J.: 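If you scroll down you'll find the structure; I have some questions about it.
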Amino acid sequence: MEESIVSEQSSGEHDDPSVLVAARRAKLERLRTELGIEPFGQRVDGIVPLAQARAAFDEAAHAGYQDAVKAAKADPSVRLEDRRAAVTVAGRVVQHRDMGKLVFLWLRDQSGDLQISVSKASVPEAAFTVASMADYGDLLSVTGRVGRTNRGETCVWADGVTMQCKSLEPPPGKWHGLSDDETRYRRRYVDMYANPATVRTFQLRSRIVSAIRRFMEGRGYQEVETPMMQAMAGGAAARPFATHHNALDMQLFMRIAPELYLKRLLVGGLPKVFEINRNFRNEGVDRSHNPEFTAMEAYEAFGDYMTMLETVESLVHAVACDVAGVPEGSKVALPFGDLVIDYAKPFRRVRYEELFREALGFDMEDEARVRSTAKQLHHGGSATKDHWLLVSELFEEKAEALLDPSKPTFVLDYPSAISPLTRPNRNRPMIAERWDLFVAGMEIGPAYTELNDPDIQLAKFTEQIKGADEEESTFRTLDEDFITALRVGMPPAGGMGMGIDRLVMLLSNSQSIRDVILFPLMRSE
RNA sequence: GAUCGCGUAGCUCAGCCGGUAGAGCAAGUGACUUUUAAUCACUAGGUCCUGGGUUCGACUCCCAGCGCGAUCACCA
């Protein structure tokens, strides 16, 4: 008789073979048919976060109530006075200990965990049944008084318990939790209730993005939103995702960067703009790359790359201080893996050519030695490839390794030859006015002194398109309207880009970009 | 896209010179009014990622595929 509920369910009406699911479905039916309880609830007003309920614990009220109970026991005519805080709370069941006539369970919400104690003697019978039958994963609301158990645990002593949503999926383990990364990313909603650290990371992410907005707005930047579906995907050297608009029968690309639109806004007269939003790049996936990622780009009229350097340095410092909870301008260091990263101002600055010389022992302009060293290091094409391409390869292999990963470092003044769209320095055209910020071996973002001569820009674009291979030329097209905009006239400007996901990785000590993106892209199962 | 590693119960993991599997937790039934990974007794739970091959016999060996992770390439 007893076992029939489970076995019939598992073999029959629900074709899910899992006994765990069958047990939950059986409880659902019992709630409905035996107790007349609808296990998918209704609006509840006045719910306080569990942390707030915990904070409402009052030692004097607790002691007073205990004395009153004692007194009432000795003399039943004494009225029981209870000055403990009355609260309504709600959350997901994450622990359940049934002692027979006394049930302890733990609820979890975004603010934390709190124990609920349910005594058979002090709640209606149906409420006690709900508490006894509760499974890991169920959503309950509870009314009661904030007190303490004999073992010293702060809890809500329930006077009412309501099933608000019966969970019908088997939960992860209560002790080991959920540690399988694939399941964590695919079923983030489970990860979030099983691993409070996940929720904390995303709370931190929100806080960081919000601090960035505050900082930029504080400096007079205006936030804008520009197209994410573009007829031409410009502004970066990356492969775009292609899509199609049916009614217009039009090929569209998901944007790879907002740059060309933000610059149009400078033409239109906005002096300081920024955008925080998604870019989409049809490239590989790894620990620091997700096909859609959040970037900030910012442009400042009549600034240059050094204007942006000061902005980014102050921004990263300010946000790090916010995360660390220290005032701006303080010493601030945050852990990242085995490193402790020092976000105190000023960040290090090193010129590209100096770092190159330090790492390789000769000038980057020394073509003969560049070629012979490339050959020594077994780089392909050491005799045929462009000199500056080899410089760039040597730099990435030897020079970037010299950067102290625990010190945020600006690498300034890249060779113009490998920064074709950047404005060359007026006095030294070989050098492009560009920097890259490196932290913990990751590139956080570049900045440039922007080109505003339409003829030079057109020439550079044209050259870039000419150099495109067959596949690249399917999406690399000349944005003539952008050139027109430059002809109307764009003020000289500084521009920067910053990978928000990577910054969040650093500040939240997350080793994978997937840990800071709520729903990272996964292959279809 | 390449190379390497991993895929066993709901979760976390053992296991096997080749003889069709085990633990803890979770689950079901029962006991228990102060538990903290509650405890005790009993019970149930598996396409050992998928498909081929070798073999008398494959979770184990081989091949292919799928998924995940790491490294590399592309990129930010």
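Being a predicted model, the structure only gives us computed values, none of them experimental.
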J.: In chain order, what residues pass the salt bridge (Lys or Arg N to Asp or Glu O under 4.0 Å) check against Lys120(A), with sequence neighbours excluded?
T.: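 Residues passing salt bridge (Lys or Arg N to Asp or Glu O under 4.0 Å) with Lys120(A): none at all.
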J.: Is a donor-acceptor contact shorter than 3.5 angstrom present between the side chain of Thr149(A) and the base of U36(B)?
T.: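 Result: at least one qualifying N/O pair found.
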J.: Give me the distances for all protein-to-nucleotides 13-15 of chain B N/O pairs that come in under 3.5 Å?
T.:
none

J.: Quick check: any donor-acceptor pair below 3.5 Å linking the side-chain of Ser117(A) to the base of U34(B)?
T.: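 In this structure, the two groups form no donor-acceptor pair.
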J.: Grab the CZ-P distance between Arg187(A) and G67(B) for me, whole Å please.
T.: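 The distance from CZ of Arg187(A) to P of G67(B) comes to 19 Å, rounded to the nearest Å.
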J.: Rounded off to whole Å, could you give me the CZ-to-P distance for the Arg108(A) and A37(B) pair?
T.: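 About 14 Å, once rounded to whole Å.
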J.: With a non-hydrogen cut-off below 4.0 angstrom, is Tyr136(A) in contact with a base, only sugar-phosphate, or nothing?
T.: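 The answer is nothing, as Tyr136(A) stays clear of every strand by at least 4.0 Å.
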J.: When you measure from the side chain of His176(A), which nucleotide among U33(B), G24(B), U34(B) comes out closest?
T.: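 The nucleotide sitting nearest to the side chain is G24(B).
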J.: G10(B) P sits how many Å from Asp180(A) CG, rounded?
T.: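 In whole Å, G10(B) P lies 13 Å from Asp180(A) CG.
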J.: Is Trp175(A) stacked on the base of G24(B), meaning ring centres closer than 5.5 Å and planes within 30 degrees of each other?
T.: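 Not stacked: fails the 5.5 Å / 30° test.
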J.: Tell me what Ala237(A) touches on the nucleic acid: a base, only sugar-phosphate, or nothing, going by heavy atoms under 4.0 Å.
T.: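 Sugar-phosphate contact only - Ala237(A) comes under 4.0 Å of backbone atoms but never of a base.
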J.: Classify the nucleic acid contact of Pro446(A) as base, sugar-phosphate or nothing, counting any heavy atom under 4.0 Å across all strands shown.
T.: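 Result for Pro446(A) = nothing.
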J.: With heavy atoms under 4.0 Å as the rule, sort Glu182(A) into base, sugar-phosphate or nothing.
T.: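 Glu182(A): backbone/sugar contact only, no base atoms under 4.0 Å.
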J.: Tell me, which pairs form a salt bridge (charged side-chain N to carboxylate O under 4.0 Å, His left out) where one or both residues lie in residues 434-450 of chain A, sequence neighbours left out?
T.: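 Of all non-adjacent pairs touching residues 434-450 of chain A, those that pass salt bridge (charged side-chain N to carboxylate O under 4.0 Å, His left out) are Lys263(A)-Glu450(A), Arg434(A)-Asp436(A).
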J.: May I ask you to decide if Arg348(A)'s main-chain N or O and Lys407(A)'s side chain share a donor-acceptor pair within less than 3.5 Å?
T.: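 It does not hold such a pair.
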